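One structure is given here, and the rest of the page talks about it.
Because the structure is predicted, anything quoted here is derived from the model rather than measured. In this chain, numbering begins with 1 at the start of the sequence shown. All ligand and atom numbering here is 1-based and tracks the order in the structure.
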Amino acid sequence: MTTTFHSTRSTTDALTSRQAIRQGLASDGGLFVSDELDETKVDVAQLVGEPYQAIARRVLGVLLPDFTVAELDECVGAAYGPQWLDPAITPLKPLGDDYILELFNGPTSAFKDVALQILPQFMARTTASTAISTGASDGKSSGKEKVMVLTATSGDTGKAALAGFADTEGTGITVFYPEGKVSEIQRLQMTTQVGSNVNVCAVKGNFDDAQSAVKAIFGDKGLAKKLEDGNHVTLSSANSINVGRLVPQVVYYFSAYAQLVERGAIKVGDPVEFVVPTGNFGDILAGYYAKRLGLPVGRLTVASDRNNVLFDFLTTGTYNRERPFFETTSPSMDILVSSNLERMLYYFSDGDTELISSLMDDLQTKGSFTIPASLLDRIRTLFSCGWADEDEVSQAIADCWNDNHYVIDPHTACGYHVLGQTARKEAMPRVLLSTASPYKFPRVVGEALGLDTSGSDFACMDRLASATATTAPKNLRGLENAAERFTDVIAIDRMRDYVGDASRRL
Ligand SMILES: *Cc1c(COP(=O)(O)O)cnc(C)c1O
């Protein structure tokens, strides 16, 4: 099959999936989409009883058709192996009358591992210099070019990207985080990262400063040429708008469904609702992709925190980023511009690139856009929404523990609150996606459960473990005694040189 990718804002590009992964973002600022998304369906009945890895090979084979079966085998084998705490990779568990899908059993205890364990495998099988070219090459690596992945992080993405790219052939990774603005656990997760190709550096500024500087480095043609000519290095991004981060997430929707069938909760063909703690809209968009591939998804519910820009959008049709920004207890959902929403709008408008282009232009220039009422109606036939403020998050953590004896983190708690707020639609089973281990946020969770939260985050972890008879993942508890490798703190205007030096060492 000849799936090609172009921008959500124009149809001029025709890239292979390899090239789209390598390039990340379309040159007009749009996101890569393919118009053949629902041409090949995945036969759900065949997945029941299969291990996660087999489901991944099946689903990824449809979404990334220019990768060979052997290549996908290698990628899946490397990404979903013993580094996961549960052999099911994303186990489904009952939660009262509903179900919870644990996405946090990977090496950094956050759902981003699902995508960032495999993205480096994809990336290692592409090359930068051919990605933007005229199509003379299919984007396969010729061996000598290397990729330096740059990421500015507010906490979770940086560590998951480091763990994924560490010691991956032909790649390097550089992570910048804002000094003093990430939690103690998050900082230690990054500064103790092992691997010969990893670089971690604190910067003096906030996350937005770091993010803007990274974007400026990507746009620096002079630096790009110097690194390419002198060192055979091209810069790339592990941001969640990359196709290579989106498609691995489609797999766990199929896995969840297969597990529901295995439990006897549904028969193949029955619709299921998914409730998804949402920030950049990548996780829930993957659920929509699953539906396009034939999964019986009955409803997709967006759960937001106090930064409820998506709730307002899905309620009124107006997306308005001009609003106060709240730093909440669910930092990975503190987002005002949900980038992946653009892909959903593309598909629901039947590929109207002109409309998408003008909406995104409005967002850029006026800070808001409004979609036609008919489009909103169509979106609302599938998407529902809710949100939780911080008191409700805390209450949800306590309620979930008291009602089910199951501990959830503050992000998942937004979804749990929304479950409680909304009625089950026509007796449809509901699956709450759990996006982080509660042990990543032991202080917030401890407070919600009324535990003593004096002392270090590690003391909080130990009290959480004994109060709930659960165990802290070793990757988090072991940080207390791990050696810190990276102590650099630099000014924002030194980031470009830091990237240059790191690239020359590759
Ligand atoms: C990134 C993240 C989210 C949000 O996922 P999106 O794909 O950005 O919507 C939710 N919870 C946690 C813990 C995360 O790390």
### Message
Between Tyr288 and Phe348, does the ring pair (Phe, Tyr, Trp, His ring centres under 6.0 Å) criterion hold? Intermediate values first, please.
### Response
CA-CA 11 Å; Tyr288 175 63; Phe348 270 89; 5.1 Å; yes
### Summary
Quick note on ligand 1: atoms under 4.0 Å from a heavy atom of Met333 include exactly 10 (C)
### Summary
Looking only at protein heavy atoms, what sits closest to atom 15 (O) of ligand 1 is Lys112 NZ, 2.5 Å
### Task
Identify, for atom 6 (P) of ligand 1, the protein heavy atom at the shortest distance, and state residue, atom and that distance.
Asn280 N, 3.5 Å
### Message
So if I count the atoms of ligand 1 from 1 in the order they appear, which ones are less than 4.0 Å from some heavy atom of Phe281?
### Response
6 (P), 8 (O), 9 (O)
### Query
Do Glu273 and Thr301 have side-chain N/O donor and acceptor atoms under 3.5 Å apart?
yes
### Message
For Tyr416 and Asp98, which I'm curious about, is there any donor-acceptor pair between the side chains at under 3.5 Å?
### Response
no
### Query
With a 4.0 Å heavy-atom cut-off (strictly under), which part of Asp156 contacts ligand 1: side chain, backbone, both or neither?
side chain
### Task
Return yes or no for this condition: an N or O of Gly279 is under 3.5 Å from an N or O of ligand 1.
yes
### Message
Out of all atoms in ligand 1, which are within 4.0 Å of some heavy atom of Thr278? Include the element for each.
### Response
9 (O)
### Query
Quick one: nearest non-hydrogen protein atom to atom 11 (N) of ligand 1, plus distance?
Thr435 OG1, 2.8 Å
### Query
Are side-chain N/O atoms of Ser255 and Gln259 paired as donor and acceptor at under 3.5 Å?
yes
### Query
Among Lys440, Lys112, Gln189, whose side chain to side chain donor-acceptor pair (under 3.5 Å) with Asp156 holds?
Lys440
### Message
Could you tell me, atom by atom, which parts of ligand 1 come under 4.0 Å of a heavy atom of Ala436?
### Response
13 (C)
## Note on the structure
for atom 7 (O) of ligand 1, nearest protein heavy atom and its distance come out as Asp283 N, 2.9 Å
### Task
For side-chain hydrogen bond (donor to acceptor under 3.5 Å, both in side chains), just list the numbers for Ser236 and Arg22, CA-CA rounded to whole Å, side-chain angles, deciding distance to a tenth of an Å, and then say yes or no.
CA-CA 7 Å; Ser236 184; Arg22 188 56 199 78; 3.2 Å; yes
### Query
Have Ser109 and Asn475 got a donor and an acceptor in their side chains that come within less than 3.5 Å?
yes
### Proximal atoms of ligand 1 relative to Phe111 (non-hydrogen, under 4.0 Å)
1 (C), 2 (C), 3 (C), 5 (O), 7 (O), 14 (C)
### Query
Considering only heavy atoms of Gly282, which atoms of ligand 1 have at least one such atom less than 4.0 Å away?
6 (P), 7 (O), 9 (O)
### Task
Indicate whether the side chain of Asn242 and that of Arg245 have a donor and an acceptor atom separated by less than 3.5 Å.
no
